[in-house]
Amino acid sequence: MKEFITVCPRNCYSTCTFRVFTEDGRVMRILPYEGNLATPEGPCIKGLSYLEREYSSERLIYPLRRQSDGSFVRIGTDEALNIIAERLCGAKAKHGPHSVLFYSGSGSSGLSNDIAVSFWKLFGGATTTYGNLCWPAGLEAVRLTLGEVKHNLPWDIANASMIILWGKNSAETNVQEMIHIAKARQNGAKVVVIDPRRTLTADKADLLIRPRPGTDAALALAMARVIIDRGLTDREFISRHVSGFDQFAASLQVTPAKAQEITGVPAQTIIDIAVEAAGAGRLTIVAGYGLQRYTNGGQTIRSLLSIPVITGMIGKPGCGFNFANLQSYIFDDVKEPLSYYPHSETDQPFRRAISMATFGQDFFALEEPAIEFAWIERGNPVIQLPGSSEVKKALEAVPFKVVVEQFMTDTAAMADIILPAKGMLEQADVVGSYWNPYAQYKPKIVDPPGEVLPESEIYWRLARLMGLNADEAGIPAPEKYDDWLMKRISCTPGFVREELMQKPVIPDRNEHPAYANMKFATPSGKIELWSERAVKLWGVNPLPTYEPLDNFGEAHLPMRLMTPNIASRIHSQFGNLEVVRSVVEEPVWKISVADARSRGLKSGDMIRVFNSRGEVTGRVSVTHRVKSGSLVFPNGIWLGEGGGVNRLIAPSETDMGHGTAFHNTRVDIEKMAP
Ligand SMILES: Nc1nc2c(c(=O)[nH]1)N[C@H]1C(S)=C(S)[C@@H](COP(=O)(O)OP(=O)(O)OC[C@H]3O[C@@H](n4cnc5c(=O)[nH]c(N)nc54)[C@H](O)[C@@H]3O)O[C@H]1N2
Ligand SMILES: Nc1nc2c(c(=O)[nH]1)N[C@H]1C(S)=C(S)[C@@H](COP(=O)(O)OP(=O)(O)OC[C@H]3O[C@@H](n4cnc5c(=O)[nH]c(N)nc54)[C@H](O)[C@@H]3O)O[C@H]1N2
Ligand SMILES: [Mo]
């Protein structure tokens, strides 16, 4: 058997390294790789399922063309590419390059994705998207406060004496973090989870605090007030490294009693936890992404961050604020995502862009040229974007669509031509991580099945068909792809390419503890509690504040809709695999015991979930894990399996970073006749 060390390229904190064994070019086995200290126990069930995913009979491995009756037929790759090239040239000649929409999601990461951008630049530009669905409000909040987005090594959390998992469900979304949290607990650390839901993570904690969704800023600011009122701040740290402390202290209106009214958390609990956090000595706050997908998300993260700042728990072992660690992205510019668009002028001539969060309405508001052609890769916008009914209508309005996909997703089903997408084992790449400190090489392990081509080769062939000079534009010919990749990773100073090809590598410049040199890339060079940039860029208060949620005109509806991520999927991926189906229950609508009782519902009953935007139906499951007043259904469920929650969600941006406020949504429910 041949052995390879590789890395999972999914959009997930963990970014696990694992070993793959092949025989005669076929994958036989997947085992852990202990050398990655963040993920020593190997991948989760999804990682193990690559064995099935690679060879699944449901995989799309030939180009497909839609016929007039809506069904798909297999066509040859040359024929598919010829049709696409002709359509692209036609759209550009008649309406200009902006009549072409390029949509890419987060389905797979790696440097090879840049080739798509090179292609669309070479084409002359395109209409594309700015902002994203995931984390930009929090990224921006951390950047405004600390200047850069980084944190300590993941295993350093074992040195903490207190850990607050604030809206993070590591037991499902960052399983390997639980290894290091368990070590901290063995060392005597106290673990607190703050989440409206009783999550699997909460089961492993010492204390669960359950605020009302969207109210965490009030909780955090009340804690800050207690810490300041009782003189528990780190005065020396503040005077040397923090800007705006006095204004911050003077602004804190929310008392624990007031915070109790807003959050539902008892005032005494707020006081106790604040005093404990300030006295912990080594406090690590891990903030998840769920709680920043609200209209107040950026301000919420700034509020949480004020606690380690005023207690001086930044830049030391076992301490810090872990939102994301972008230190492994040394080969690309992910550190500055295009979230500042449309403020940034740099890429305007190339692209016209619409907001990811408000895709549907922005699409229909586009002026000339209208979209004639859409290209979708690595994304499943029909179910993952908010306002998905409008998204679907928008795509229906596009005369010609190409989707590059591995499976017949709800988005692929709308295509005129589907090009089969590569699997993770089928092309070499280099992958960074937003938690794991390693830069990782992902070798090519098997040949793609059928007529699958990696996107790089699709683009190269298309460019040639269209008479464009691909090589000059940085779109490598298939036989030059490896050289292209090596060149990309060779021009980084202090980096040993050969080492990266052997095993995961922590870049030389990785700073641990993060911010230990006490240099902050903010305008003042200090940690900014007061941020002029926050005002200038996003029009929010210069200080962290609690902003009540926008209810999108539906404050009268009784329940808040929560659509978190679950262990068995990455968003809309993996749920179609047998191995995954064999261990997880069908998706159900989870409701609290109190809400079920008052509505006469029991587990298994069918309900209709609705608001002014639409409705979805499904079965309920009654559970103590859900807080009354909220209703929980995972995101990423395909329409045919009872998904479609994003039909209920209003397209709306977060307060900063052009993120997506999925979780502001309110709904009502109704029991359906059996
Ligand atoms: N297995 C698995 N792992 C994943 C993913 C996946 O789909 N599946 N997705 C990956 C990606 S792209 C992302 S973005 C991350 C996301 O992973 P996480 O950061 O864990 O984010 P979520 O699951 O969206 O939300 C985390 C928790 O926040 C809670 N929450 C929601 N609203 C609030 C609130 O107002 N206050 C508080 N305190 N808590 C709140 C939810 O109940 C949930 O338990 O996970 C990554 N890892
Ligand atoms: N209601 C609600 N909606 C949400 C969220 C939420 O919390 N609530 N979370 C949001 C978040 S955090 C995220 S990150 C997004 C994720 O949503 P998307 O960005 O759409 O990502 P995925 O669903 O993970 O994957 C999309 C597709 O990529 C395909 N794919 C995988 N690898 C490749 C490849 O190499 N090439 C090509 N061409 N395709 C490939 C997969 O088969 C999959 O169908 O969803 C968002 N949507
Ligand atoms: Mo995400």
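Values reported hereafter were calculated over all heavy atoms of this structure, with side chains retained and with hydrogens, waters and symmetry mates removed. Indexing begins at 1, ligand by ligand and atom by atom, following the structure's order. Computed from a predicted structure; not experimentally measured.
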May I ask you to check whether [X] and [Y] show a side-chain donor-acceptor distance below 3.5 Å?
X      : Y      : value
Asp595 : Ser628 : no
Asn169 : Glu172 : yes
Asn576 : Trp638 : no
Gln440 : Thr15  : no
Thr654 : Gln292 : no
Thr545 : Glu547 : yes
Ser572 : Gln384 : no

Please could you name the atoms of ligand 2 that [X] approaches to less than 4.0 Å, counting only its heavy atoms?
X      : value
Val404 : 37 (C), 38 (N), 39 (N)
Thr409 : 44 (O)
Leu133 : 10 (C), 11 (C), 12 (S), 15 (C), 45 (O), 46 (C)
Ser106 : 14 (S), 16 (C), 18 (P), 19 (O), 21 (O)
Asn11  : 14 (S)

Which protein heavy atom lies closest to [atom], and at what distance to 0.1 Å?
atom                    : result
atom 31 (C) of ligand 1 : Met562 CE, 3.4 Å
atom 45 (O) of ligand 1 : Thr173 CB, 3.4 Å
atom 34 (C) of ligand 1 : Asp216 OD1, 3.3 Å
atom 24 (O) of ligand 1 : Arg293 NH1, 2.9 Å
atom 32 (N) of ligand 1 : Tyr294 OH, 2.8 Å
atom 1 (N) of ligand 2  : Asn646 OD1, 2.9 Å
atom 9 (N) of ligand 1  : His571 NE2, 3.3 Å
atom 39 (N) of ligand 1 : Pro196 CD, 3.3 Å

Is the closest heavy atom of Lys46 to ligand 1 under 4.0 Å?
->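 Heavy atoms of Lys46 do come under 4.0 Å of ligand 1.
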So is Trp135 close enough to ligand 1, meaning a heavy atom under 4.0 angstrom away?
-> no
Residue-ligand contact His663/ligand 2, heavy atom below 4.0 Å = yes
Side chain to side chain contact (heavy atoms under 4.5 Å, CB included) involving Val175 - partner list, sequence neighbours excluded =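 With sequence neighbours excluded, Val175 shows a side chain to side chain contact (heavy atoms under 4.5 Å, CB included) to Cys44, given in chain and number order.
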With [atom] as the reference point, say which of [options] has the nearest heavy atom.
atom                    : options                : value
atom 37 (C) of ligand 2 : Glu455, Lys422, Gln427 : Glu455
atom 42 (O) of ligand 2 : Gln406, Gln573, Glu405 : Glu405
atom 5 (C) of ligand 2  : Asn132, Asn635, Val452 : Asn635

Does the N or O separation between Glu377 and ligand 2 drop below 3.5 Å for any pair?
->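 Glu377 vs ligand 2: no N/O contact under 3.5 Å.
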Would you check whether Arg10 has a nitrogen or oxygen atom less than 3.5 angstrom from a nitrogen or oxygen atom of ligand 2?
->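 The answer is yes, given that Arg10 and ligand 2 share an N or O pair closer than 3.5 Å.
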So do the side chains of Asp429 and Leu111 get within less than 4.5 Å of each other, counting heavy atoms only?
-> yes
Lys NZ or Arg CZ of Arg666 over Phe552 ring: under 6.0 Å, within 45° =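 No - Arg666 does not lie over the ring of Phe552 by the 6.0 Å and 45° rule.
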Would you check if the distance from the ring center of Tyr289 to the ring center of Tyr13 is below 6.0 Å?
->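 Close enough - the centres of the two rings lie under 6.0 Å apart.
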Mind checking whether Tyr55 and Tyr50 have ring centres under 6.0 Å apart?
->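 No, the ring of Tyr55 stays outside the 6.0 Å limit from the ring of Tyr50, centre to centre.
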Do any nitrogen or oxygen atoms of Lys168 lie less than 3.5 angstrom from nitrogen or oxygen atoms of ligand 1?
->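 By distance alone, the answer is no.
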Classify the angle between the aromatic ring planes of Phe359 and Tyr103 as parallel (below 30°), tilted (30 to 60°) or perpendicular (above 60°).
->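 It falls in the perpendicular class, over 60°.
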Residue portion contacting ligand 1 (non-hydrogen atoms closer than 4.0 Å) for Ala567 =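 Contact part for Ala567 vs ligand 1: backbone (N, CA, C, O).
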